[in-house]
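Everything on this sheet refers to the single structure shown next.
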Amino acid sequence: MADSYDLIVIGAGTGGYVAAIRAAQLGLKTVVVERQTPLGGTCLNWGCIPTKALLEHAHVLKLAQHAAEWGISTGGAPPAIDMTRVHARKNKIVSGLTRGVDFLFKKHRIERLIGTAQLAGGGQVRVTGEAPRTLSGREIVVATGSRPRGLSIAAFDGSRIISSDEAIHLAEVPQSLVVIGSGAVGVEMASIFNSFGSAVTLIEIMPRIVPAEDAAVSAELEKAFRQRGIVVQTATEVTGAEPGGAGVDLELTFGNGRRQTMHVDVVLVAVGRAPVTDGLGVEQAGLRLENGYIPVDSLLRTNVPGVSAIGDVISTGPTPHLQLAHVSSAEGILVAERLAGLEVRPLDYQNVPVCTYCDPEIAHAGLTEAEAVARGFAVETGTFPFSALGRARIAGETEGFVKIVGEKQYDQLLGVHVIGPRATELIAEAAVALRLEATVEELVRTMHAHPTLAEAIGEASHAVHGGAIHL
Ligand code: FAD
């Protein structure tokens with residue numbers, strides 16, 4: 001006889017664990033099946049949290065290296081990084097947070113099973129592992145997430161050709177590192193290891209790095225990376241990777257067809273993430289897949305009644321689905337509320353704040369200038385540099401700018417793009433403004449406290465109408 005629940009959640013990442021908590025808050029008898037022992041999935045264990053911890057170490061190291069400029073004496077010896085202690089601090093943060101999810105499960109009386117869940121059809125889920133069981137659920141939420149995508153010409157070997165999963169645990173800083181792919185994971189890793197002392201080469205097949213960002217942001221980041229000594233190779237493809245000696249022999253093919261070989265200690269492949277559905281029993285459940293992803297409708301229902309899906313494992317039709325922790329959590333909340341009978345509305349995927357924690361940080365919400373033009377808007381833009389801002393000068397971080405994208409007819413705000421200090425915090429204001437369908441003028445008239453980095457948003461909005469005061 002199967003144990004029965006209102007809701008069975010498969011996977012306890014930021015999608016699954018948040019869905020479970022919200023469902024339990026709303027009175028649903030909920031069980032979560034997760035095959036990893038620590039809860040929290042990619043974000044807490046291999047993604048957002050460990051990488052941002054390493055980036056914070058990189059930030060502190062940079063401050064220490066420039067201590068003399070701040071009139072602070074460190075006794076002469078150059079600051080050095082101790083990877084054992086770096087990892088100890090990072091691991092402590094991770095375990096504190098994963099234990100926090102355990103605590104929340106107990107608090108909300110969510111049952112947690114360790115094992116691999118397989119859809120058995122008819123609302124049943126088979127759990128294999130230490131204590132095999134069959135569960136019966138009125139509803140099932142699949143939140144099985146994603147894993148690093150590999151390259152056939154550069155297969156992962158766990159030590160010389162690695163993914164971000166191994167990069168966050170590297171015991172030693174490699175002397176030389178090639179990062180393949182300049183999306184969020186690639187540029188964050190390039191920043192971390194450049195700061196820690198590796199000779200970093202960043203290779204991108206597209207004509208510019210961070211290709212999903214506004215073109216002006218890509219250009220500014222490339223300039224900043226070059227100043228930090230990161231070698232940036234755009235329009236370049238890795239066409240061969242042969243582990244040899246203590247490292248890897250790489251073959252690069254440039255846009256003009258020219259080839260070059262190079263030897264490097266470690267290659268980090270950061271070319272995106274693939275959905276995880278293996279062992280899930282998609283066939284016997286009749287679950288449809290599209291390019292490996294689970295397609296869902298606007299309320300996150302799959303083609304199988306009673307089975308919803310959320311997070312990195314889903315595709316949302318023509319709107320590209322962003323593989324981000326806060327997107328998966330918002331989807332978890334939506335699904336839980338729908339299953340509990342609350343009225344829900346489709347999520348606004350257009351204005352998701354997208355943050356990349358490289359150095360300098362970048363963040364955006366809404367449309368890039370090129371996207372706005374492509375949609376037929378008569379576009380107006382305004383840009384304000386952090387170098388003209390008191391607070392940025394105080395912090396000694398004057399690189400970058402805020403760029404506002406609006407449209408001329410109604411002055412509607414369409415997008416906000418930030419590169420520079422604390423960009424990932426500043427973008428919160430933009431997300432609210434876009435959600436409220438604000439005009440650019442409303443951002444201009446919003447008072448921004450002085451001296452703050454947020455003043456750059458007010459000034460850039462003012463610049464759209466030619467009224468920036470400090471330009
Ligand atoms: P996951 O977190 O992948 O969770 C899925 C869980 O399901 C896993 O724990 C897995 O073990 C479990 N599972 C899979 N199959 C089964 C099964 N059959 N039975 C039982 N359990 C199963 N996003 C941000 O928003 N901000 C960031 O700064 C950020 N940084 C990142 C940095 C890196 C290096 C990486 C790799 C990702 C980063 N992300 C970031 C993305 C973010 O981590 C993911 O979008 C998010 O974790 C997706 O959550 P999820 O719940 O869909 O899946």
Side-chain angles (χ1 to χ4, degrees), residues 1-21 23-24 28-47 49-50 91 94-95 97-148 156 158 163 165-166 169 273-287 289 292-294 302 304 306-314 328 332 335-336:
M1 184 60 184
D3 300 313
S4 62
Y5 298 87
D6 294 323
L7 177 61
I8 303 170
V9 179
I10 304 175
T14 41
Y17 89 71
V18 169
I21 291 172
L28 301 186
K29 184 183 174 197
T30 303
V31 61
V32 177
V33 188
E34 167 58 61
R35 58 186 172 198
Q36 304 282 342
T37 310
L39 297 170
T42 304
C43 170
L44 269 59
N45 294 288
W46 305 278
I49 299 301
N91 295 343
V94 167
S95 62
L97 291 170
T98 60
R99 280 203 311 269
V101 180
D102 266 314
F103 163 79
L104 291 170
F105 275 18
K106 288 191 185 98
K107 177 179 164 190
H108 294 285
R109 299 187 202 295
I110 296 165
E111 199 175 333
R112 186 261 154 106
L113 301 178
I114 300 176
T116 297
Q118 192 180 46
L119 299 168
Q124 301 230 316
V125 170
R126 220 169 280 129
V127 182
T128 54
E130 282 173 18
R133 277 169 72 171
T134 300
L135 314 173
S136 170
R138 185 168 62 78
E139 294 282 347
I140 298 168
V141 172
V142 177
T144 48
S146 62
R147 62 164 63 95
F156 292 127
S163 72
D165 286 0
E166 290 83 34
H169 297 301
R273 296 186 57 89
V276 172
T277 54
D278 49 282
L280 185 63
V282 282
E283 294 83 14
Q284 64 257 42
L287 200 61
L289 296 185
Y293 292 89
I294 304 174
T302 71
V304 178
V307 180
S308 302
I310 59 174
D312 281 10
V313 75
I314 66 168
S328 69
V335 162

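For the side-chain hydrogen bond (donor to acceptor under 3.5 Å, both in side chains) test, residues two or more places apart in sequence or in another chain that qualify with Y5 are E111, R133. In this structure, the side-chain contact (heavy atoms from CB on, under 4.5 Å) partners of P50, at least two apart in sequence or on a different chain, are K90, V94, I168. Listed by chain and residue number, R147 satisfy the salt bridge (charged side-chain N to carboxylate O under 4.0 Å, His left out) test with D278 (two or more places apart in sequence, or in another chain). For V335, the side-chain contact (heavy atoms from CB on, under 4.5 Å) criterion is met by V141, L300, S308, I310, R338, L339, not counting sequence neighbours.
Of the possible polar contacts, one joining the E166 side chain to the S163 backbone as a donor-acceptor pair under 3.5 Å is found. Judged purely by atom type and a 3.5 angstrom limit, T30 uses its side chain to pair as donor or acceptor with the backbone of L28. No donor-acceptor distance shorter than 3.5 angstrom exists from the side chain of S328 to the backbone of G311, with no hydrogens or angles considered. Remark: the backbone N or O of Q36 is paired with a side-chain donor or acceptor of E34 at under 3.5 angstrom. Side chain of T302 to main chain of V307: a donor-acceptor pair is present (N/O by atom type, distance under 3.5 Å, no hydrogens or angles). Of the possible donor and acceptor atoms, none in the side chain of D312 sits under 3.5 Å from a partner among the backbone N and O of P275. T116 places no side-chain N or O within 3.5 Å of a backbone atom of R35 that could act as its donor or acceptor partner.
The two atoms that bring C43 and T14 nearest to each other are CB-CG2, 3.6 Å, heavy atoms only. Residue V32 comes nearest to A12 through the heavy atom pair CG1-CB, 3.8 Å, listed as atom of the first residue, atom of the second, then distance. Scanning all heavy atoms of the two residues, the minimum distance from L7 to A23 falls at CD2-CB, 3.5 Å. In this structure, I8 and G123 approach most closely via the heavy-atom pair CD1-O, 4.3 Å. The shortest non-hydrogen separation linking G145 to V313 is O-CB, 3.6 Å. The shortest non-hydrogen separation linking A336 to A19 is CB-O, 3.5 Å.
Between atom CG of residue L104 and atom CG of residue L39 there is a gap of 10.0 Å, rounded to the nearest 0.5 Å. Atom CD in Q124 sits 10.5 Å away from atom CG in D3 (nearest 0.5 Å). With rounding to the nearest 0.5 angstrom, the CD1 atom of I294 is 5.0 Å from the CG atom of L287. To the nearest 0.5 Å, atoms CZ (R99) and CG (L44) are separated by 12.0 Å. Expressed to the nearest 0.5 Å, how far CG of N91 lies from CG of N45 amounts to 10.0 Å.
In this structure the side chain of P148 reaches within 4.5 angstrom of the side chain of F156, judged on heavy atoms. The side-chain heavy atoms of V101 and Y17, taken from C-beta on, include a pair separated by under 4.5 Å.
Applying the salt bridge (Lys or Arg N to Asp or Glu O under 4.0 Å) rule to pairs touching residues 4-14 yields D6-R138, sequence neighbours excluded. For residues 117-131, the set of pairs meeting the salt bridge (Lys or Arg N to Asp or Glu O under 4.0 Å) definition, not counting sequence neighbours, is empty.
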### Query
Checking side chain to side chain contact (heavy atoms under 4.5 Å, CB included) for the pair V33/L135: CA distance, chi angles, key distance, verdict?
CA-CA 10 Å; V33 188; L135 314 173; 3.9 Å; yes
#### Entry: Trace of the side chain to side chain contact (heavy atoms under 4.5 Å, CB included) decision for I10 with L119
CA-CA 9 Å; I10 304 175; L119 299 168; 3.8 Å; yes
